[in-house]
Amino acid sequence: MKLGLKLLQERARVNSFWWPYISNLPQTYSVPIFFQGEDIKNLQYAPLLYQVNRRCRFLLDFEQEVKRAVENLKQNDHPFDRQDVDASSLGWSMSAVSSRAFRLYGKKLPDGTCIDAPMMLPLIDMCNHAFNPNAQIIQEQDAGSAKMLIKAVAETPIKQNDAILLNYGCLNNDLFLLDYGFVIPSNPYDCIELKYDGAFLDAASIAAGVSSPKFSSPAPWQQQFLSQLNLDGEAANLKVTLGGQELVDGRLLAALRVLLASDMEMVRKHDMDTLKSLSADAPLGIANEVAAYRTIIALCVIALEHFPTKIMEDESSLRQGVSASTELAIQFRIQKKSVIIDVMRDLTRRAKSLLSKDTTACQG
């Protein structure tokens, strides 16, 4: 927001050096803080709705703070040349910064380390996003000068009229939509957030056909493991994820494996990294692993049921023709549902593979 205020100051300043750049910035942005109320509801995903509402509340509060700070200033001291700065203009500047600024090395400290600072870089911010970019941003000190050089350097041959592509970061679709105003289809880093809740897990486990789950009433030794995973205690972090590169949050997987186990000594034979790893080959046995997978699949079913519409309905709505913001909201929720379905398919395949191994071993 500090950089956003600087942007508004330069926009208000007569004969600003930056005016040619500022005048070519988009007048509107497709980020959710500018969606109509119905389109915010159309996102259908509670964690993102929370973030959108939080940003909107911040802008409304910050508008009042800015107005109080400048209301008694003289004309020559006014940072925005007496122009009104409201939540809408603050939202515009924040969106310009979040969608275009680069976080680069700023001021150098006495110990030689540099403070990261967001910087708006004309021309370079015309590059688009790709997870497999053809260029990268290089920052270096100009030899014999205090000037810092920022340049886009091609990593592969780029033909005339080809887009220059940078990797904005390995981000989920929440951040791409919030900060940049677009959604990446089949984003390999997209995930859904869930709250770790013992009673909720008990219900999911029972629905999955797992007998006598102990998620809401763990044994003392199991509770110790939960504390190590930061899923129990006063400062616990109860946010867990499904999807993305990890597929299943390691802390959630370890908790399920431990709480579905009855042999404390067997659990303690394994280090925490093994218990958190999906690549570990059923560390606590095939029955335990399949029960954990089935519980997660049941969680996925419950998560899907929280969406008011199904993917087929969403796709039908898109074919009927909708506004740009409605289309973005529908694309976003389609991708979230797709993440859940992909997790279910992957874990179902893994469970079947383990059960077939178990059957083969028994027959042998």
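Values reported hereafter were calculated over all heavy atoms of this structure, with side chains retained and with hydrogens, waters and symmetry mates removed. Everything numeric here is computed off the predicted structure, so don't read it as measured data.
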- Under the side chain to side chain contact (heavy atoms under 4.5 Å, CB included) rule, what do D281 and L354 come out as? Steps first, then yes or no, please. CA-CA 9 Å; D281 191 13; L354 285 172; 4.1 Å; yes
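- Here the side chains of Y29 and Y180 are not in contact, with every heavy-atom distance at 4.5 Å or above.
- A salt bridge does not link D77 to K74: none of the charged nitrogens lies less than 4.0 Å from a carboxylate oxygen.
- If you take CG on N42 and CZ on F332, they are separated by 12.0 Å, rounding to the nearest 0.5 Å.
- Considering only heavy atoms from C-beta on, M94 comes within 4.5 Å of I33 through its side chain.
- Side-chain N/O atoms of Q44 and T309 include a donor and acceptor closer than 3.5 Å.
- Side-chain atoms of T156 and N134 include no donor-acceptor pair closer than 3.5 Å.
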- Message: Checking E193 against T241 for the side-chain hydrogen bond (donor to acceptor under 3.5 Å, both in side chains) test, could you report, in this order, the C-alpha distance in whole Å, the side-chain angles of both residues, the deciding distance, and whether it holds?
- Response: CA-CA 5 Å; E193 291 180 14; T241 60; over 6 Å; no
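- Here CG of D125 is found 8.0 Å from OG of S99. Values are rounded to the nearest 0.5 Å.
- Checked by atom type, the side-chain pair T274/S277 shows no donor-acceptor distance below 3.5 Å.
- You'll find the ring centres of F176 and H129 inside the 6.0 Å limit.
- Taking the six-membered ring for Trp and the full ring otherwise, F215 and F200 have centroids separated by 6.0 Å or more.
- No side-chain N or O of N230 forms a donor-acceptor pair with one of Y196 less than 3.5 Å apart.
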- Starting from the C-alpha separation in whole Å, work towards a yes-or-no answer on side chain to side chain contact (heavy atoms under 4.5 Å, CB included) for V290 and R350. CA-CA 8 Å; V290 170; R350 289 171 187 265; over 6 Å; no
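- Between the side chains of D190 and N173, at least one donor N or O sits under 3.5 Å from an acceptor N or O.
- Contact annotation: the side chain of S205 approaches that of L260 to within less than 4.5 Å [non-hydrogen atoms, C-beta and beyond].
- Looking at E265 and K269, no side-chain N of the basic residue comes within less than 4.0 Å of a carboxylate O on the acidic one, giving no salt bridge.
- The only member of D174, D314, D342 that meets salt bridge (Lys or Arg N to Asp or Glu O under 4.0 Å) when paired with K336 is D174.
- For the pairing with C300, the side chain to side chain contact (heavy atoms under 4.5 Å, CB included) check across V339, T295, I340, I192 returns one residue only, I340.
- Under the 6.0 Å distance and 45° angle rule, R11 counts as a cation-pi partner of W92.
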- Message: Under the criterion side chain to side chain contact (heavy atoms under 4.5 Å, CB included), I'd like the reasoning laid out for S93 against M1: C-alpha separation, chi angles, the key distance, then a yes or no.
- Response: CA-CA 8 Å; S93 65; M1 197 68 255; 3.4 Å; yes
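- Salt bridge absent: R68 and E65 never bring a charged side-chain N and a carboxylate O closer than 4.0 Å.
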